[in-house]
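Notes to accompany the following structure.
Proteins come first, then strands; the chains are lettered A, B, ... in the order of their sequence lines, and each starts at number 1.
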Amino acid sequence: MKSKAPSIPYLIWMLLFTIIPLIMVIYYAFTDKSGNFTIQTFKDSLFYTDVFIRSLWIALVSTLLCLVLAYPLSYVMSRSSRRGQNILTMLIMLPMWMNFILRIYAWVLLLQNDGLIDLAVKFLGLDVPLLGNAGAVILGMVYNYLPFMILPIHAVMLKIDNSLIEASKDLGANKFNVFRKVVFPLSIPGIISGTTMVFVPTASTFLVAQYLGGTGDKMIGDVIENIFQRDKNVGSAISLVLMVIILLFIIVMNKFGDEEVVA
Amino acid sequence: MKKFISVLMSALIVGTSVFMLSGCGNGEKQQELNVFNWGEYISNGEDGTIDTIREFENRYNVKVNYTNYESNEEMYNLIKESNSSYDVIVPSDYMISKLIKEDMLEKINFDNVPNFANIMEKYKKTDFDPTGEYSVPYDWGVVALVYNKTMVKEKPKSFSVLWDKQYSGNILMFNNSRDAMAIAMRLKGINPTEITKKDIDVASAYLKEQKPLLKKYVMDQVFTEMEGDQAAMAPYYAGDVAVMMSNNENLDYMLPEEGSNWFMDSMCIPKTTQNKELAEKFINFMLEPEIGKANIEYLGYSTPNQKVYDLLDEDVKNNELNYPKEEYLKKCYTFSDLPQDVYDYMQEEFLKVQA
């Protein structure tokens, strides 16, 4: 029997910083200020349904955009030379070396009135506010989380054996069929982990909407941050609902993945 | 066994006394003072100003541990729940009345603060510290409107301009429940000093009407927005309005005809203090005319200290943003300490306005 001893440090870590906090969140969500059992906290969080839907919508659109941008790039990357791959990976990772707030703030400066991009758009004859709307928030999300989509898809695509593609071509598949029958099915695990890694943080993130959004773009992460400062119970209830929604999303994603692979 | 314990005890006692004696032998141990203040709220030697803390350390040969907080509530929680020993804090008016009520402040021994005589008579006793035993004024100010002259043609008269449709999409509003609600209440004829849940409902409804006209709810982001000509107007604290105006000449200020919030931050000694006398020395030091002048020039707010005021330039003294006329101040309101449930309700309703 293999020894389990090496995993003990992590198990202790997980117990202290994942399991126990999770139990505390659940406990707070089902109690009121004086510690009595209640579900009033969940009724209170119903008020924020619109914000929930908005956050999930923004997360979904951002995730799809990331997928559309990342997928072709990952494929091209995985078929390029080792050197080319290293350079591209480096370029993708590079922005992540910089502080998150700085990157968001840079977008504020670019999009604001008479900012660089705003001037360019005006030069083309359009005068639309680029900042302070859902579009700007989605842009910020895509910019921030794109690497989390590219890297897992790329990792999976690397493993696709070129001989499989050659074989399907030999057997008379055209380019579209090579993609549909070989490349795409084999890349599904990467799509699933990429989608999860983008969707989960975008749905729960805060600050991005505070900087790039307007007054109508408050996201659930911002609401949780605000409520938690004075009301741990309702704050926990909203966090718990969000966790359940994300869990459901992950389950659906995995189901979809399994079926596809079987088919 | 008993013998062993007594030997051990004696050894311990002898050991510690020797240790303490040797400590004295090395000269008196440097005293420490823990000052807990707002961020960027003391003159720090930048741009040739006086480095207040360094100056105090050198004069009295002590060590000052200077730390910051961002809100009265954050400060309150730390004083209440941690066992850190702060000696001087600088809370705002309503927070001081809360701290007094909860018996968290020491009475100041004014024999050790002779410079208290420099404080203007009208600020020696205040609504939040009616007996004047617990606090020494640090600075004060009012809430004003900062607006961009290129976007707002006619000088506004009242905060009702924040609801003016012609500036739709260019208005900024406080992202802070108390300040935002107070503006709405005043315009609806409610005195924002002491409020009920019903008053909060009225203010929330009015703020909901305003929301579609707003560009953003802001706190610190107001500086980049206004200094970068990104928005037409915002209500904010006078000292900060002065800073914004000095960084962008398109900006001007307005004091609303209905009056606005008058606030004061004062130095207090919390019960956690380990060195009350040194804390009083520090407070006394901050009231010295030269130190007070350097400090108030750095802060951009207004001084309650007559000796400091006398030293200021004429144009500062005559600036109504910093030193509004008595008749304006009469229209202003202060904040009082709200009952916890009303305070929570206000914060919740403000979040609901925004959600």
Under 4.5 Å from any heavy atom of chain A - which part of K211(B): both

Classify the side-chain pair Y76(B)/E102(B) by whether it contains a donor and acceptor separated by less than 3.5 Å. yes

Engaged part of N113(A) at the chain B interface, taking heavy atoms whose separation is under 4.5 Å: both

Rounded to the nearest 0.5 Å, what's the gap from OG1 on T334(B) to CZ on F128(B)? Could you check? 9.0 Å

For the residue pair W163(B) and Y206(B), does the interplanar ring angle fall in the parallel (under 30°), tilted (30 to 60°) or perpendicular (over 60°) class? parallel

Sort out for me which of K218(A), Q210(A), R54(A) touches chain B most, counting heavy-atom pairs under 4.5 Å. K218(A)

Contacting region of E74(B) [heavy-atom separation from chain A under 4.5 Å]: neither

With a 4.5 angstrom heavy-atom cut-off, is it the side chain or the backbone of Q221(B) that approaches chain A, or both, or neither? side chain

Chain A contact via Q230(B) - which portion, at a heavy-atom distance below 4.5 Å: side chain

Going by the angle between their ring planes, with limits at 30° and 60°, are W38(B) and Y69(B) parallel, tilted or perpendicular? tilted

Honestly, the part of Y105(A) sitting under 4.5 Å from a heavy atom of chain B is side chain

Honestly, the part of V51(A) sitting under 4.5 Å from a heavy atom of chain B is side chain

Return the orientation label for the F42(A) and F30(A) ring planes: parallel under 30°, perpendicular over 60°, tilted otherwise. tilted

Using 30° and 60° as the class limits, which term best fits the ring planes of F36(B) and Y86(B): parallel, tilted or perpendicular? parallel

